[in-house]
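Following: one structure in structure tokens, then a few remarks.
Here the structure is a predicted model, which means the values were calculated and not measured. When a ligand or atom number is given, it counts from 1 through the structure's own listing order.
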Amino acid sequence: MSEIVTVSTRPFEGQAPGTSGLRKKVKVFQQPNYAENFIQSVFDVVSPDPGAVLVIGGDGRFHNRTVIQEAIRMAAANGYGKVLVGRGGILSTPAASHVIRKYKASGGLVLSASHNPGGPEEDFGIKYNIANGGPAPESVTGAIHARTQVIDRWLTVPGEDIDLETPGEYRVGGMTVSVIDPVADYADLMETLFDFDAIRSAVKGGFTMRFDAMSAVTGPYAHEILENRLGFARDTVVNGTPLEDFGGHHPDPNLIHAEQLYLAMMAPDAPDLGAASDGDGDRNLIIGRGRFITPSDSLAMLAANIECAPGYKGRLAGIARSMPTSAAADRVAEALGVPCFETPTGWKFFGNLLDAGKVTICGEESAGTGSDHVREKDGLWAVLLWLNILAVRKISVDELAREHWARFGRNYYARHDYEGVDKAGADALMDGLKAQLASLPGQSFGPLTVSVADSFSYTDPVDGSVSANQGIRVLFEGGSRVVFRLSGTGTHGATLRVYLENYTGPDGNLGAETGDMLAPQIAAAEAIAGIERHTGRTKPDVIT
Ligand code: G1P
Ligand code: ZN
């Protein structure tokens with residue numbers, strides 16, 4: 001047995017892991033004992049069996065390597081038998097999920113702040129995933145938080161940093177550390193799901209794409225899968241080298257932060273498909289030549305065409321979407337005769353449904369789409385499913401979208417974010433909404449009449465757990481709605497999200513501008529919530 005060192009510590013305030021783990025500024029994480037307290041709290045709560053396997057990986061952002069080296073020594077001191085860590089400390093979030101599952105690990109530490117900027121002045125995060133490969137459920141994150149409030153020591157072993165750049169096996173204390181190729185297992189999994197031959201033929205036939213890795217974690221994955229395995233040209237992947245500060249950008253694949261890609265895709269000589277992924281590789285952006293696909297539509301369109309992919313043929317059990325995600329997927333589920341589940345925001349709610357085999361594909365309006373192949377959303381997976389469908393069906397993104405709307409109708413959709421607003425004002429706005437719930441039904445706002453207004457509460461159909469207070473829904477007659485909720489992932493002040501949706505049936509105006517179609521919903525949202533009164537803001541900071 002090697003020596004275990006006990007380090008005394010005191011609790012920090014505010015180490016409550018939110019829907020996406022513990023996310024704070026790097027400067028906060030750099031305080032002595034800060035990361036260690038959190039990691040030790042995780043280990044104390046999950047109390048690994050002696051010899052258990054732990055996966056560690058991150059999105060390559062600043063501070064990753066420091067925390068990984070510390071976490072490895074702490075894992076050795078806490079009785080783990082083996083740590084699997086990606087070369088360079090790299091593992092995309094979906095790849096980490098896959099590695100946990102494939103190697104039957106007891107769990108994993110995913111070091112990321114997702115799409116938030118990176119660098120010494122920016123954000124960092126630590127999330128614990130459980131043995132099914134998914135984010136820890138609230139029972140576990142709650143226990144971790146409770147533990148952080150009383151922690152008085154953390155455990156480590158003496159030892160040098162290991163060479164994270166060289167794959168192979170290392171010893172740390174009594175434990176083995178295996179530095180693995182971060183890409184290979186994931187790329188192999190993708191080959192089992194999708195028709196790589198059909199995609200390769202399309203590429204040979206002239207199909208082109210541009211994938212923007214946003215200087216984040218998916219670069220190595222995209223180079224290997226798109227260029228090496230599928231035969232796309234060498235310049236298909238742009239910003240393909242992970243950088244500690246993501247080149248100073250927000251690695252968030254939306255029309256604001258991936259504007260270059262968007263502009264390129266709106267040009268007449270655009271490639272057939274444009275796509276991007278976020279800091280840790282779980283989000284995706286899909287743009288055809290001249291046609292942006294909203295994430296809500298993407299979920300619906302992928303579900304409607306999933307039979308094209310060999311790994312999903314004949315086995316669509318159900319679809320799940322988060323509550324704020326548009327109801328486009330609901331119509332597909334209805335047409336296909338499978339159930340559609342509406343869950344609270346955050347990927348962890350899909351985990352139980354996926355584990356129980358109740359759903360096969362799921363997604364969120366925030367550019368997250370995924371399936372039962374892992375227990376995280378998966379950016380490259382969504383891109384590959386799109387590629388698979390387009391290659392098999394031999395149609396363009398725009399044609400596929402138009403065909404879809406002509407069959408199911410179109411859910412015009414946008415999200416308005418008010419960032420860094422005063423917390424008290426944001427809380428007052430939400431309280432004001434709650435106070436009005438009973439009186440809203442029947443009231444009209446311009447052309448819109450409220451049919452139902454509620455505070456969304458979810459009862460998990462698998463374990464019966466209840467998650468209340470998950471956002472305010474105001475549904476209008478005819479299938480339109482506005483939804484209000486406060487972000488659970490912001491790192492300063494409060495972020496108010498207002499989700500706007502206008503459903504237009506197959507016989508309606510399917511080719512209008514989204515902004516025009518949502519004008520009544522925007523006006524109703526202001527009238528109902530008093531956004532300006534409570535936040536002082538006259539317009540959102542970000543529209544996606
Ligand atoms: C945001 C998204 C949500 C997603 C989460 C983690 O959370 O809205 O859909 O699951 O990031 O990527 P929010 O800040 O809204 O709580
Ligand atoms: Zn992410």
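Look at Gly346 and you'll find a heavy atom under 4.0 Å from some atom of ligand 1. Residue Gly368 places no heavy atom under 4.0 Å from ligand 1.
Near Lys377, meaning under 4.0 Å from any of its heavy atoms, are these atoms of ligand 1: 4 (C), 6 (C), 10 (O), 12 (O). Applying the 4.0 Å criterion to heavy atoms of Ser20 picks out, from ligand 1, the atoms 6 (C). Using a 4.0 Å cut-off to heavy atoms of Gly488, the atoms of ligand 1 that qualify are 13 (P), 14 (O), 16 (O). Of all atoms in ligand 1, numbered sequentially from 1 with element shown, those under 4.0 Å from a heavy atom of Arg497 are 8 (O), 13 (P), 14 (O), 15 (O).
A salt bridge between Asp123 and Arg61 is absent, with no side-chain N of the basic residue lying under 4.0 Å from a carboxylate O of the acidic one. Electrostatic pairing of Glu365 and Arg497 does not count as a salt bridge here, judged by no charged N lying under 4.0 Å from a carboxylate O.
Looking at Asn305, its side chain never comes within 3.5 Å of a backbone N or O of Ile389 through a donor-acceptor pair. Gln436 places a side-chain N or O within donor-acceptor distance of the main-chain N or O of Ile528, the cut-off being under 3.5 Å.
Partners of Tyr418 under the ring-ring contact (aromatic ring centres under 6.0 Å, His included) rule, at least two apart in sequence or in another chain, do not exist in this structure.
In this structure, CD1 in Ile90 is found 11.0 Å from CG in Asp280, a value given to the nearest 0.5 Å. Rounding to the nearest 0.5 angstrom, the gap separating the NE2 atom in His115 from the CZ atom in Arg283 is 4.0 Å.
Distances from atom 5 (C) of ligand 1 to the heavy atoms of Arg415, Glu365, His115, Arg283 put Arg283 nearest.
At a cut-off of 3.5 Å, with distance as the only test, a side-chain donor of Tyr186 or Asp378 sits close to an acceptor on the other residue. Ser97 and Asn129 are not linked by any side-chain donor-acceptor pair at a separation below 3.5 angstrom, with hydrogens and angles left out of the test.
Ligand 1 has no N or O atom lying under 3.5 Å from any N or O atom of Leu486, backbone or side chain. The shortest N/O to N/O separation between Glu364 and ligand 1 falls below 3.5 Å. Taking any N or O of Thr345, backbone or side chain, none lies under 3.5 Å from an N or O belonging to ligand 1.
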Check your understanding: Can you list the steps and then say if Asp278 with Ser114 is a side chain to side chain donor-acceptor pair (under 3.5 Å)?
Key -> CA-CA 7 Å; Asp278 74 327; Ser114 189; 2.9 Å; yes

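Considering all non-hydrogen atoms of both residues, Pro135 and Lys127 come closest at CG-NZ, 3.9 Å.
Contact annotation for Ser366 and ligand 1: only side-chain heavy atoms (C-beta onward) come within less than 4.0 Å of the ligand.
Neighbours of the Zn ion (ligand 2) restricted to protein N, O or S atoms under 2.8 Å: the count is 4.
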